[in-house]
**Student:** 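Dropping the structure in here first, questions after.
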Protein chains: 2
Amino acid sequence: MASIREVAEEAGFAPATVSRYLNGHIKLKPSTQKKIEDAIDKLGYRGNGLARRLATGKSETLGFVTTDISYPFFASIASAAEREATRLGYALAVFNTRNDIMREMQILSYLQTRQLDGVIIMTNHTQTEDLATQITNDSHVVILDEDIPGAVGPRVFAENRQGGRLAARHFLENGHRSFAVISGPRGLISVEERIEGFKEELSVHGLSLPSDMIFSGPYSEETGGLGVDHFRNSPDRPTAMFATADNLCLGAIREANAANLKIPDDLSIIGFDDIPNADLLAPPLTTIRQGTAELGAESVRLMLGRLRGEIDPSVTTRIPVTLIERQSVRRMD
Amino acid sequence: MASIREVAEEAGFAPATVSRYLNGHIKLKPSTQKKIEDAIDKLGYRGNGLARRLATGKSETLGFVTTDISYPFFASIASAAEREATRLGYALAVFNTRNDIMREMQILSYLQTRQLDGVIIMTNHTQTEDLATQITNDSHVVILDEDIPGAVGPRVFAENRQGGRLAARHFLENGHRSFAVISGPRGLISVEERIEGFKEELSVHGLSLPSDMIFSGPYSEETGGLGVDHFRNSPDRPTAMFATADNLCLGAIREANAANLKIPDDLSIIGFDDIPNADLLAPPLTTIRQGTAELGAESVRLMLGRLRGEIDPSVTTRIPVTLIERQSVRRMD
DNA sequence: ATGGCATAGTAAACCGGTTTAGTTTTGTTT
DNA sequence: AAACAAAACTAAACCGGTTTACTATGCCAT
């Protein structure tokens, strides 16, 4: 790889001149421009991003942190974020952390060394104190989809509470009267807000959700299966089950199949996320759709706004949700 | 951020000493070690990866290029690659290209500037001349899942041909005699080898696949739907359809539902990939599983082997495939 | 001719590490 | 006590850009 000094020598000028010309900091007379351009062509000069970053302190790359890129919902958001970042002249590097705080901290530390200009972080656990302090110290982080309590920075969340309400309303409209919830870990915003919304809507109709009708666990398919198992053997078996994420539904469906429990005939379920191909499941899944395109794109826009200092760190954008009716809820009567 | 010079000054030694100590190039007497460690703690020194990379020419980061991170099969491979890379002391940055050659070229160019030590590339189109030359020039690329003809570098592919054979054999064992194929773009190795294997197995049993029973298009769900449409109206309607990727099946199932065509009763299908949750589709999809964990991990291992110069650029690793029997193939008779 | 002012271009320091070649200190032999 | 080797540590160059502060040149008006 040719360096800028080689180009400068070939063209007969100083490295500083070439650098400033290339960055548009200076105007040169046409003959000089030509000589520099020719030298660049001749040597195949491409510039060294690393050196530029070291010198300028900017990387023009954003990091996107996710716990599990193989969960389609997260992958969709990442994909949308990449699109928006590219459109705005940034590269997006996606990092998979498998819910490992150390990995998350490591990626955040890339900020300090300016290997990344900003980090959009989607995390998934409740032990977030260390993360919170590190994020607050650094003003280049956007929090996406799941909260990191105590951290200062712009946030992008779905209308979780509204999602919970929509689910409850749909169950009610279909004549259900006994409810259960399967959720991810208590304490997560996606869990608490969605459950709150669900309860709110029930209470509007004079109904309630006993706390023993909430089954929680890690956000894994297994939890969904365990939940079905749990409620199947419970004294008052619910007819309607709201899951705070579609992957819980996947486990639930799998377990229901194994237990010969028919969905929706024996048990109705509503999920959350609307993962790709939720329409092709057996049964097609009724679920609360979060707009992945908006979540991804908005997080990038907030990130760049933040980098330019145009955005207040305390903003929280809420992305609307919609109920997608399919066939996992039985009409009671 | 504290620099190594500040640490050195605080500790009362030279920057070179600190650097060499930290890299284990030198042994220091305990008292010196202690002073340096104390200075590091006191200043919160973390090192600057950018500067280290510029100086050493190594980034300890691998790039993973995929056309569409939101396709679960690709996401699974990326996830496995990340795991293996982390295990071996490397970071993995995933890049989404949406099949845009310019983006792919851009990421490959990060190699020249040593922003990435190596790139694992999973591409998906047939116009690959420019890519091929750039890859050949650079010896830090591993080609994964889909070939880039003409490029020199280690490759990791599934046993595509064997997959095609397994699909055909399964159809034959279930009594099918009229076949069709829906495929991605002709020219891709995943298309050609799988079709070849399928034909081979048929010919062993004295059967053949007329060329007008192959429907090709981009690797999108839409193509799957169009394929179903196409064969539904064809004079000799096939009973068995082999799709060279599961996402084609997703489109096919969707279209079949819309056209009130029952799978597997009216049409049997076998897919390829075994995307996550293929077991929960309606119907549960019989498909050829490619081991995503092996594909991802092996590509990383080959990459590191290549970086160390231990691996011949012409090696091609083949990852075994297995047929996963579910319920999308009807037993005829 | 002279002053004033763009315009064109550059030297040198800097970003924050690593590495080479070498110097100084310490310890062991004889 | 001198000679020598080993151990401990460092100066300075380097990676490849950017940026600041400055000089040299040309042009015009007076």
**Student:** To the nearest Å, how far apart are I40(A) CD1 and dG17(D) P?
**Tutor:** 10 Å
**Student:** Tell me what T32(B) touches on the nucleic acid: a base, only sugar-phosphate, or nothing, going by heavy atoms under 4.0 Å.
**Tutor:** sugar-phosphate
**Student:** Kindly determine whether M105(B) and L131(B) satisfy side chain to side chain contact (heavy atoms under 4.5 Å, CB included), including the steps that lead there.
**Tutor:** CA-CA 7 Å; M105(B) 300 284 278; L131(B) 278 180; 3.9 Å; yes
**Student:** Rounded off to whole Å, could you give me the CD1-to-P distance for the I36(A) and dG17(D) pair?
**Tutor:** 14 Å
**Student:** Which part of the nucleic acid does G49(B) contact within heavy-atom distance under 4.0 Å: base, sugar-phosphate only, or nothing?
**Tutor:** nothing
**Student:** Using atom CZ of R52(A) as one end and atom P of dG16(C) as the other, report the distance to the nearest whole Å.
**Tutor:** 18 Å
**Student:** A11(B) near the nucleic acid: base, sugar-phosphate alone, or nothing, with a heavy-atom cut-off under 4.0 Å?
**Tutor:** nothing
**Student:** Would you say the side chain of R5(B) and the base of dG17(C) hold a donor-acceptor pair, judged only by whether the two atoms sit under 3.5 Å apart?
**Tutor:** yes
**Student:** Are the side chain of R301(B) and the backbone of M303(B) linked by a donor-acceptor contact shorter than 3.5 Å?
**Tutor:** no
**Student:** Does a nitrogen or oxygen in the side chain of H25(A) sit under 4.0 Å from OP1 or OP2 of dT18(D)?
**Tutor:** no
**Student:** Across the strands shown, which category fits I26(A) at heavy-atom distances under 4.0 angstrom: base, sugar-phosphate, nothing?
**Tutor:** base
**Student:** Take the C1' atoms of the five end pairs on each side of the helix from dA1(C)-dT30(D) to dT30(C)-dA1(D), derive the two axes, and give their angle rounded to 10 degrees.
**Tutor:** 50°
**Student:** Are R98(B) and E82(A) within salt-bridge range, i.e. N to O under 4.0 Å?
**Tutor:** yes
**Student:** Can you check the Q112(A) CD to dG17(C) P distance for me, whole Å?
**Tutor:** 13 Å
**Student:** Which comes earlier along DNA chain D counting from the 5' end, the contact point of T56(B) or that of K29(B), where each point is its nearest nucleotide?
**Tutor:** K29(B)
**Student:** By the 4.0 Å heavy-atom rule, please label S19(A) as base, sugar-phosphate, or nothing.
**Tutor:** base
**Student:** What nucleic acid atoms does A2(A) come within less than 4.0 Å of, heavy atoms only: base, sugar-phosphate, or nothing?
**Tutor:** sugar-phosphate
**Student:** L54(A) near the nucleic acid: base, sugar-phosphate alone, or nothing, with a heavy-atom cut-off under 4.0 Å?
**Tutor:** base
**Student:** Closest-nucleotide mapping onto DNA chain C: is L22(B) or L28(A) further toward the 5' terminus? I mean the 5' end.
**Tutor:** L28(A)
**Student:** Check for a donor-acceptor pair, side chain of R46(B) on one end and backbone N or O of G44(B) on the other, with a separation under 3.5 Å.
**Tutor:** no
**Student:** Start at the 5' end of DNA chain D and walk down; is the nucleotide closest to T17(A) or to M1(A) reached first?
**Tutor:** M1(A)
**Student:** Within the structure shown, what part of the strands sits under 4.0 Å from A14(B) by heavy-atom distance: base, sugar-phosphate, or nothing?
**Tutor:** sugar-phosphate
**Student:** Check every atom of dT18(C), dA21(D), dC9(D) against the side chain of R20(B) and return the nucleotide holding the closest atom.
**Tutor:** dC9(D)
**Student:** Between K34(A) and D38(A), is the closest basic N to carboxylate O distance under 4.0 Å?
**Tutor:** yes
**Student:** Using the rule side chain to side chain contact (heavy atoms under 4.5 Å, CB included), only one of T316(B), L295(B), T317(B) pairs with F157(B); which is it?
**Tutor:** T316(B)
**Student:** Step by step, would you call Y110(A) with F95(A) a side chain to side chain contact (heavy atoms under 4.5 Å, CB included)?
**Tutor:** CA-CA 12 Å; Y110(A) 288 171; F95(A) 297 91; 4.1 Å; yes
**Student:** Looking only at side-chain N and O atoms, does Y21(A) come under 4.0 Å of OP1 or OP2 in dG9(C)?
**Tutor:** no
**Student:** So, S109(A) side chain and Q106(A) main chain: donor-acceptor pair closer than 3.5 Å or not?
**Tutor:** yes
**Student:** Separation of L50(A) atom CG from dT18(C) atom C1', in whole Å?
**Tutor:** 14 Å
**Student:** Rounding to a whole Å, what distance do you find between I4(A):CD1 and dG16(D):C1'?
**Tutor:** 8 Å
**Student:** Report yes if a side-chain nitrogen or oxygen of N48(B) is closer than 4.0 Å to either non-bridging phosphate oxygen (OP1 or OP2) of dC15(C); otherwise report no.
**Tutor:** no
**Student:** To the nearest angstrom, how far is E60(B) atom CD from dT18(C) atom P?
**Tutor:** 11 Å
**Student:** Answer yes or no: side-chain N or O of R53(A) and base N or O of dT18(D) forming a donor-acceptor pair under 3.5 Å.
**Tutor:** no
**Student:** How long is the line joining NZ of K27(B) and C1' of dT25(C), in whole Å?
**Tutor:** 19 Å
**Student:** Considering the options I148(A), D147(A), D145(A), I143(A), which one meets the side chain to side chain contact (heavy atoms under 4.5 Å, CB included) requirement together with I189(A)?
**Tutor:** D147(A)
**Student:** Could you tell me whether G47(A) contacts a base, only the sugar-phosphate backbone, or nothing, with contacts defined as non-hydrogen atoms closer than 4.0 Å?
**Tutor:** sugar-phosphate
